[in-house]
Protein chains: 2
Amino acid sequence: MDLPYLNLTQQLVHKLGQAIMQGQYQVGKGLPSEADLCAQYNISRTATREAVKMLTAKGLISSRPRQGIKVLESKHWNFFDVDVLSWILNGQPNLYMLRHFLQLRLPIESEAAYLAAEYAEYDDLKDIEKALGRMKNATTGQDDSHEADIEFHQSILSASQNPFFIQLKSFISTALQVNLRFTNRMQAVTMEEYQAHVDIFNHIKNGDSEAAAKCALITQRETLAIVNEKIKRLEQEEKKSM
Amino acid sequence: MDLPYLNLTQQLVHKLGQAIMQGQYQVGKGLPSEADLCAQYNISRTATREAVKMLTAKGLISSRPRQGIKVLESKHWNFFDVDVLSWILNGQPNLYMLRHFLQLRLPIESEAAYLAAEYAEYDDLKDIEKALGRMKNATTGQDDSHEADIEFHQSILSASQNPFFIQLKSFISTALQVNLRFTNRMQAVTMEEYQAHVDIFNHIKNGDSEAAAKCALITQRETLAIVNEKIKRLEQEEKKSM
DNA sequence: AGATATAATTTCTATGATAAATGAGTATTA
DNA sequence: TAATACTCATTTATCATAGAAATTATATCT
């Protein structure tokens with residue numbers, strides 16, 4: 001694997017980030033002081049402080065004289081930061097989290113399709129088409145269905161020509177990986193799913209923004225309905241066992 | 001004003017952040033080296049390095065030995081970070097940026113209304129109602145229309161019970177301020193606008209998620225249409241003058 | 001009781017020194 | 001000549017130490 005070299009500061013950033021997401025340090029309560037962190041992780045104050053600053057920049061903690069280092073409330077966390085997101089997912093992903101993801105993806109991707117229909121350029125359409133090709137191959141097991149799926153969604157976000165949607169590419173990509181963890185296998189793309197994606201592409205190509213958005217919305221609402229159903233069953237079981 | 005105390009590190013973070021957004025340092029090209037920054041801003045290496053780390057955490061720059069400090073491509077920037085966003089807006093807001101904002105707000109706020117209709121709790125409804133009250137007063141000039149508007153949108157995001165939507169509150173709030181800068185005055189809320197908001201609230205209260213979403217969507221599409229029209233006219237004028 | 005001063009704790013800032021990573025240029029070798 | 005290995009200069013990364021500043025708790029005084 002092409003794992004990048006991480007310097008001490010970044011190592012600590014990741015360790016602390018994960019520790020926070022695993023609930024190792026409670027919200028509002030303090031982390032160890034600067035000096036204690038140095039001792040615990042056996043690194044210099046410089047590196048420790050820089051790590052703290054990076055986590056501060058991501059909205060996870062605050063650090064002030066006398067008060068020490070505190071975990072902030074989750075509403076301050078930058079969920080759209082790829083690091084933060086991955087720490088959360090590696091921490092304690094659950095069905096509720098998955099639902100939250102889907103609830104956000106649903107409107108975003110639908111509107112991205114809408115915008116793509118209006119603003120997509122030639123190269124964007126080529127990219128979407130390419131992803132569709134991979135997806136078709138995945139129906140017969142000739143390509144990785146998961147990768148193809150991600151590529152399709154990303155290409156539509158790119159086609160929106162909107163920097164905010166483009167920024168969300170990494171967010172969506174990460175979100176799709178959680179999805180995978182729950183579905184938990186290399187499921188082949190069904191012919192139905194493939195067809196739904198083809199439909200979206202055609203609407204985009206024809207510049208029919210309303211149809212593209214609607215089509216994308218329906219697909220996602222179905223996925224969300226499945227998760228909601230799962231949660232419902234889960235909650236009923238919990239109720240029974242009480 | 002209650003401007004918070006900013007330490008040297010954070011001061012530099014803001015200065016550099018704004019400088020980058022104003023295009024003072026070109027993407028791909030390097031910023032001054034660590035040592036030069038110290039000299040230019042007359043602060044220690046410690047503070048300088050920590051500022052660089054914070055900007056790195058926000059995706060604006062990268063810093064490596066020998067290579068120095070470089071501005072990353074904008075696709076790496078964390079647009080959803082409030083600091084980054086405000087730097088962008090203070091940098092060079094324009095109609096295209098405003099359109100990008102609206103394009104994102106549109107699906108988000110619509111779906112937030114949908115979710116609010118499904119998941120809002122008693123207190124959430126109270127908050128929305130309170131914001132509506134302020135908005136009504138704003139129609140007769142008895143309250144600040146801008147503040148009331150922001151409060152309304154925020155309360156709906158909160159009611160969604162989804163942490164991602166809740167995180168977007170600060171984003172939306174900042175975005176609304178750009179909007180204000182373009183409309184550029186304390187316009188009173190019209191009775192029509194107020195009524196549209198009341199409708200959304202009623203749908204949420206009745207748990208009619210589809211209607212709530214649709215209602216919110218329509219309002220926003222209208223706003224967006226106005227901006228699109230403005231841009232169109234602007235582009236035609238530019239064409240003429242060439 | 002309330003205002004004011006003092007003290008203790010923790011981060012913030014500054015500085016100096018050394019290590020490590022990186023890339024370019026140079027020499028070496030097949 | 002081309003590929004490889006080596007050296008060197010540059011820049012950030014890390015460590016260590018010292019003092020300043022901010023914040024809170026406590027004690028003191030009126």
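Naming convention: chains lettered A, B, ... in sequence-line order (proteins, then strands); numbering from 1 in each chain.
- Residue-level contact check: A:T46 touches the bases, meaning some heavy atom is under 4.0 Å from a base atom.
- Partners of B:K126 according to the salt bridge (charged side-chain N to carboxylate O under 4.0 Å, His left out) rule, which considers only residues two or more places apart in sequence or in another chain, are B:E129.
- Side-chain contact check for B:D124 and B:Q161: at least one donor-acceptor pair (N or O, by modelled atom type) lies under 3.5 Å.
- Annotation for B:A113 and B:I200: closest pair CB-CG2, 4.3 Å, computed over non-hydrogen atoms.
- With sequence neighbours excluded, the residues satisfying side-chain contact (heavy atoms from CB on, under 4.5 Å) with A:I43 are A:L8, A:L12, A:Y41, A:A47, A:T48.
- Screening residues 51-91 of chain B for ring-ring contact (aromatic ring centres under 6.0 Å, His included), with sequence neighbours left out, gives A:F80-B:F80, A:F164-B:F79, B:H14-B:W87, B:F80-B:F171.
- Non-hydrogen atoms lying under 4.0 Å from DNA chain C are contributed by nothing in residues 30-40 of chain B.
- For residues 149-166 of chain A, every residue pair satisfying the salt bridge (charged side-chain N to carboxylate O under 4.0 Å, His left out) rule, not counting sequence neighbours, is listed here: A:R134-A:E151.
- Pairs of residues two or more places apart, or lying in two chains, that qualify as salt bridge (charged side-chain N to carboxylate O under 4.0 Å, His left out) and include a residue from residues 96-106 of chain B are B:R105-B:E109.
- The stretch residues 49-58 of chain A touches DNA chain C through A:R49, A:K53, each having a heavy atom within less than 4.0 Å of the strand.
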- [ ] Decide yes or no on side-chain contact (heavy atoms from CB on, under 4.5 Å) for B:M21 and B:V84, but give the supporting numbers first.
- [x] CA-CA 9 Å; B:M21 294 310 165; B:V84 174; 3.9 Å; yes

Pairs: protein N or O with nucleotides 18-23 of chain D N or O, under 3.5 Å:
| unit_1 | atom_1 | unit_2 | atom_2 | d |
| --- | --- | --- | --- | --- |
| D:dT23 | OP1 | A:R64 | NH2 | 3.4 |

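- Checking side-chain atoms of A:S173 against main-chain N and O of A:K169 turns up no donor-acceptor pair under 3.5 Å.
- Residue pairs that meet the salt bridge (charged side-chain N to carboxylate O under 4.0 Å, His left out) test with at least one member in residues 38-51 of chain A, sequence neighbours left out, are A:E34-A:R45, A:E34-A:R49, A:R49-B:E50, A:E50-B:R49.
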Please report, to 0.1 Å, the donor-acceptor pairs under 3.5 Å made by any side chain of residues 51-61 of chain A, with sequence neighbours excluded.
| unit_1 | atom_1 | unit_2 | atom_2 | d |
| --- | --- | --- | --- | --- |
| A:T56 | OG1 | A:V52 | O | 2.7 |
| A:K58 | NZ | A:D81 | OD1 | 3.3 |
| A:K58 | NZ | A:D81 | OD2 | 2.7 |
| A:K58 | NZ | A:D83 | OD2 | 3.2 |
| A:K58 | NZ | B:A57 | O | 3.0 |

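- Identified under the salt bridge (charged side-chain N to carboxylate O under 4.0 Å, His left out) test for residues 63-80 of chain A, with sequence neighbours left out: none.
- Of all nucleotides in DNA chain C, those with any atom nearer than 4.0 Å to a heavy atom of chain B start and finish, going 5' to 3', at C:dC12 to C:dG23.
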